[in-house]
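Since the structure comes first, as structure tokens, the remarks are kept for the end.
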Amino acid sequence: MSVKILAIESSCDDTGAAVLEDGKVLSNHIANQKIHEQYGGVIPELASRAHQENIVPVVDIALRTAGVKPEELSAIAFTQSPGLIGSLLVGSCFAKSMAMALNKPLIGVHHMQAHVLANFIDDPKPDFPFLCLTVSGGHTQIVLCESPLSMRVIGETLDDAAGEAFDKSAKLLGLPYPGGPLIDKYAQTGDPGRFKFPEPRIPELNFSFSGLKTAILYFLQENQRQDPAFIEKNLPDICASIQQRIISILLNKVLKATQETGIRDVAIAGGVSANSGLRKALQEYGEKYGWRTFIPKFEYCTDNAGMIAIAAYYKYLAGAFTALDAVPTARAAF
């Protein structure tokens, strides 16, 4: 009998639902929230309200697209942590209610572990153990993955995340939210070597981006004093130089991790893994240092329910179900 799982993702501002059968994603639907753009960032209360409006139609579309009836499902999965607590509550309450109504098992999923396992949705898949660089607006980690259910963080940011560095830099440049994709867009026509930004010397496998953001701020202020139109005249080169430095910070730590562990299967995951510069640079590092590199399809990089579904599938096979009284948490150990 096949395993069919409905997965719900509601950790931040996107409402997602996906249906998976025996490890294959049949549907993966997302409702984006545009209301946050006018505020320059996600407003938690508005995100929660939008999830309440979107979750029923999103789940309905996911089931109909997959051609699966609710009673045919084997389990209901949801993002349990980490994330915005109000948003998580909407998804968890819906999942619990559906699981109770259908008398199906419930599976709570760790959001960041799901990002890692997005690399198992399509072929080729990495072999265990492998290293995964998870990069998003809230997280920057190097994860050593020993099995689908056994992962440990061996390096992480001490302050800001890479995605935050992209978005804050974009704000300094006067670009609208979310700014990270716009830096990527302008960088494609710019010279990444024109402006030099510092690379922090952080011990072990950890990261730091606060100093880089400060350096970018001072760089822009100094040049704008000399020429108020400096950003406008040099936007592609500035974006390319900022992006190149963030990528070098990330991948130089990954290189160090491969040297320390001897692992040569390297993957990326998380929203920032959709960045075209990072995707290209990882492949170049792989060719240079003899790694096998793995990059999820774009649709599985940003927050989505397909990754929640694949993580839930492995938990289902292991019989790792979640009690109906389980509560979502804003923060959780990996």
Side-chain angles (χ1 to χ4, degrees), residues 37 39-42 133-142 153-257 259 268-282 284-285 288 301:
E37 294 178 1
Y39 299 103
V42 177
L133 172 68
T134 60
V135 276
S136 67
H139 299 83
T140 301
Q141 302 168 324
I142 298 176
V153 176
I154 60 174
E156 60 188 334
T157 183
L158 302 178
D159 40 58
D160 304 324
E164 184 180 0
F166 271 114
D167 286 337
K168 293 291 179 62
S169 297
K171 188 173 184 178
L172 293 174
L173 294 170
L175 300 176
Y177 176 87
L182 292 175
I183 286 185
D184 187 14
K185 175 184 175 181
Y186 288 114
Q188 294 178 32
T189 58
D191 176 7
R194 184 173 173 201
F195 302 113
K196 303 296 183 183
F197 296 107
E199 180 162 349
R201 304 299 179 187
I202 305 300
E204 301 173 338
L205 298 176
N206 295 320
F207 304 89
S208 172
F209 292 96
S210 60
L212 174 63
K213 290 195 309 180
T214 301
I216 293 170
L217 171 64
Y218 290 161
F219 166 82
L220 294 175
Q221 289 177 339
E222 180 180 349
N223 282 278
Q224 284 181 294
R225 280 195 292 267
Q226 300 174 20
D227 180 1
F230 174 76
I231 292 177
E232 181 181 353
K233 293 177 181 177
N234 299 280
L235 185 59
D237 289 348
I238 298 171
C239 288
S241 299
I242 291 173
Q243 178 165 288
Q244 188 278 332
R245 176 52 70 214
I246 293 175
I247 290 171
S248 73
I249 291 171
L250 293 171
L251 292 186
N252 285 341
K253 287 293 186 176
V254 173
L255 173 60
K256 185 176 181 180
Q259 293 169 340
I268 57 174
V272 179
S273 66
N275 179 278
S276 64
L278 177 58
R279 296 166 82 90
K280 180 182 178 182
L282 178 67
E284 291 173 348
Y285 268 64
K288 182 176 181 180
C301 289

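Here, residue 1 is the first one in the sequence, and each next residue gets the next number. Note: hydrogens, waters and symmetry copies are ignored here, and every other heavy atom, side chains too, is used.
With no hydrogens or angles considered, a side-chain donor-acceptor pair links S208 and D159 at under 3.5 Å. Side chains of S276 and R279: no donor on one and acceptor on the other come within 3.5 Å.
Considering CG of L282 and OG of S273, their distance stands at 10.0 Å, rounded to 0.5 Å. Note that CD of Q244 is 13.5 Å distant from CZ of F195, once rounded to the nearest 0.5 Å. From F219, atom CZ reaches atom OG1 of T214 across 15.0 Å, with rounding to the nearest 0.5 Å. In this structure, CZ on F166 lies 4.5 Å from CD on Q243, to the nearest 0.5 angstrom. Within the model, atoms CG of L212 and CZ of F197 stand 7.5 Å from one another, a figure rounded to the nearest 0.5 Å. Rounding to the nearest 0.5 Å places NZ of K233 at 11.5 Å from CD1 of I238.
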(message) The test is side-chain contact (heavy atoms from CB on, under 4.5 Å); show your working for F207 and N252 and say whether it passes.
(response) CA-CA 10 Å; F207 304 89; N252 285 341; over 6 Å; no

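A donor-acceptor pair under 3.5 Å links the side-chain atoms of K253 to the main chain of I202, judged by distance alone. Panel note: side chain K256, backbone E204; a donor-acceptor pair is recorded below 3.5 Å. Judged by distance alone, with hydrogens and angles left aside, the side-chain atoms of N206 form no donor-acceptor pair with the main-chain N or O of T157 at under 3.5 Å. No side-chain donor-acceptor contact under 3.5 Å links K196 to the backbone of S241.
No more than 12 heavy atoms of other residues, nucleotides or ligands shown are found within 6.0 angstrom of CD on E232. In K185, the NZ atom is not crowded: 12 or fewer heavy atoms of neighbouring residues, nucleotides or ligands sit closer than 6.0 Å. At most 12 heavy atoms of other shown residues, nucleotides or ligands fall within 6.0 angstrom of atom OH in Y186.
For the pair L175/L235, a side-chain contact is recorded, criterion being any heavy-atom separation below 4.5 Å from C-beta on. A 4.5 Å side-chain heavy-atom check between L251 and L278 finds at least one atom pair inside the cut-off. Counting heavy atoms from C-beta outward, L250 and F209 have side chains that approach closer than 4.5 Å.
Closest heavy-atom contact between K213 and A165: CD-CA, 4.1 Å. Across D184 and A274, no two heavy atoms sit closer than the pair OD2-O, 4.3 Å. For the pair D167 and G179, the tightest heavy-atom approach, listed with the atom from each and the gap, is OD1-N, 3.3 Å. When all heavy atoms of C239 and L173 are compared, the closest pair comes out as SG-CD1, 3.9 Å. The two residues A170 and G180 make their nearest non-hydrogen contact at CB-N, 4.4 Å. For P198 against P200, the heavy-atom pair with the smallest separation is O-CD, 3.8 Å.
Among D237, I216, I247, L172, the one residue that satisfies the side chain to side chain contact (heavy atoms under 4.5 Å, CB included) test with I242 is I216.
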